[in-house]
Engineer: 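First the structure, then my questions, so here it is.
For clarity, every value in this text was computed on a predicted model and none was experimentally measured.
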Amino acid sequence: MDAIARLWFASMRQCDPDVRELLHDGFATVCVRRAPFAYVAAFRAHVNIGFFHGAALADPASMLQGTGKAMRHVKVIPGHPRNVVVLTALITTAYVDVQRRWPDDG
């Protein structure tokens, strides 16, 4: 699971040079300034690619899971391929969304 988690976390970090990383509740998290937008959580049988404002993201492929007020995740299970293009687009969309929610005040 670690290799899958590292791959997707690297994808998140590459959104822009202003992306910062930290641990939030024990999970590798990426932020724009101080606003988190996504995280990676590795478990024994799968990896969750999570989005802090995932409920607000467009999800035409219906990949996002969860029923909370704001957060959603995509479960990546070895041997069950996920659409890499769509998941990468979700990461980019989450990045753009957090920039809109937390504009740079200079």
Side-chain angles (χ1 to χ4, degrees):
M1 293 309 123
D2 288 344
I4 294 170
R6 281 192 299 274
L7 172 80
W8 286 108
F9 194 68
S11 176
M12 292 173 187
R13 289 175 38 219
Q14 292 174 0
C15 286
D16 198 273
D18 67 345
V19 171
R20 303 292 180 248
E21 53 189 85
L22 57 88
L23 285 179
H24 184 300
D25 291 336
F27 298 122
T29 302
V30 286
C31 305
V32 175
R33 291 172 291 283
R34 293 205 258 167
F37 69 94
Y39 67 90
V40 175
F43 299 98
R44 189 173 300 185
H46 69 279
V47 172
N48 282 351
I49 309 302
F51 303 96
F52 284 85
H53 297 283
L57 300 179
D59 182 24
S62 299
M63 291 179 69
L64 292 172
Q65 299 178 5
T67 58
K69 184 176 178 180
M71 296 179 73
R72 296 288 185 274
H73 66 274
V74 173
K75 190 178 287 190
V76 178
I77 302 170
H80 294 85
R82 285 289 185 177
N83 188 325
V84 172
V85 173
V86 173
L87 185 49
T88 301
L90 280 170
I91 291 168
T92 302
T93 301
Y95 168 74
V96 171
D97 178 66
V98 80
Q99 285 184 312
R100 179 187 58 77
R101 289 174 186 276
W102 301 97
D104 187 7
D105 293 331

Engineer: Which heavy atom in I91 sits nearest to a heavy atom in S11, and how many Å separate them?
Structural biologist: CD1-OG, 3.9 Å
Engineer: Stepwise, does the side-chain contact (heavy atoms from CB on, under 4.5 Å) test hold for C15 with V30?
Structural biologist: CA-CA 10 Å; C15 286; V30 286; over 6 Å; no
Engineer: Considering non-hydrogen atoms only, spot the tightest contact between D16 and D18 and give its length.
Structural biologist: OD1-OD1, 2.9 Å
Engineer: Picking from Y95, F37, Y39, what satisfies ring-ring contact (aromatic ring centres under 6.0 Å, His included) with F52?
Structural biologist: Y39
Engineer: Examine distances only and state if a side-chain atom of T92 and a backbone atom of T88 form a donor-acceptor pair shorter than 3.5 Å.
Structural biologist: yes
Engineer: What is the minimum heavy-atom distance between I4 and P78, and which atoms define it?
Structural biologist: CD1-CG, 3.8 Å
Engineer: Same cluster for F27 and M71 if Ile/Leu/Val/Met/Phe/Trp/Tyr side chains link at under 4.5 Å?
Structural biologist: yes
Engineer: Looking at G50, is its backbone amide N or carbonyl O close enough to the side chain of N48 to form a donor-acceptor pair, meaning the two atoms are under 3.5 Å apart?
Structural biologist: no
Engineer: To the closest 0.5 Å, what do you measure between CZ (R6) and CG (D2)?
Structural biologist: 5.5 Å
Engineer: Using side chain to side chain donor-acceptor pair (under 3.5 Å) as the criterion, list what pairs up with H24, not counting sequence neighbours.
Structural biologist: none
Engineer: Other residues, nucleotides and ligands only: do more than 12 of their heavy atoms fall within 6.0 Å of CZ on R34?
Structural biologist: no
Engineer: Ignoring hydrogens and angles, tell me if any N or O in the side chain of R33 forms a donor-acceptor pair with the backbone of W102 under 3.5 Å.
Structural biologist: yes
Engineer: Treating Ile, Leu, Val, Met, Phe, Trp and Tyr as nodes and any side-chain heavy-atom pair under 4.5 angstrom as an edge, say whether V47 and I77 lie in one connected cluster.
Structural biologist: no
Engineer: Answer yes or no: is there a donor N or O on one side and an acceptor on the other, between the side chain of R72 and the main chain of Q65, under 3.5 Å?
Structural biologist: no
Engineer: Begin with the C-alpha distance, continue with both residues' side-chain angles, and end with the deciding distance and a verdict on side-chain contact (heavy atoms from CB on, under 4.5 Å) for F51 and L64.
Structural biologist: CA-CA 9 Å; F51 303 96; L64 292 172; 3.6 Å; yes
Engineer: If you take all heavy atoms of P36 and V98, which pair is closest and at what distance?
Structural biologist: O-CG2, 3.9 Å
Engineer: Do the non-hydrogen side-chain atoms of V84 and W8 ever get within less than 4.5 Å of each other?
Structural biologist: yes
Engineer: Does D59 reach the main-chain N or O of S62 with its side chain, forming a donor-acceptor pair under 3.5 Å?
Structural biologist: yes
Engineer: With side-chain contact (heavy atoms from CB on, under 4.5 Å) as the criterion, how do H53 and L57 come out once you've worked through the C-alpha distance, each side chain's angles and the decisive distance to 0.1 Å?
Structural biologist: CA-CA 7 Å; H53 297 283; L57 300 179; 5.8 Å; no
Engineer: Roughly how far, to the nearest 0.5 Å, is CE of M63 from CG of L87?
Structural biologist: 4.5 Å
Engineer: Rounded at 0.5 Å granularity, tell me how far CD1 in I49 sits from CE in M12.
Structural biologist: 4.5 Å
Engineer: Any link between V40 and L7 through a network of hydrophobic side chains (Ile, Leu, Val, Met, Phe, Trp, Tyr) touching at under 4.5 Å?
Structural biologist: yes
Engineer: Any chance you could lay out the side-chain contact (heavy atoms from CB on, under 4.5 Å) test for C31 and V19, step after step, and finish with the verdict?
Structural biologist: CA-CA 6 Å; C31 305; V19 171; over 6 Å; no
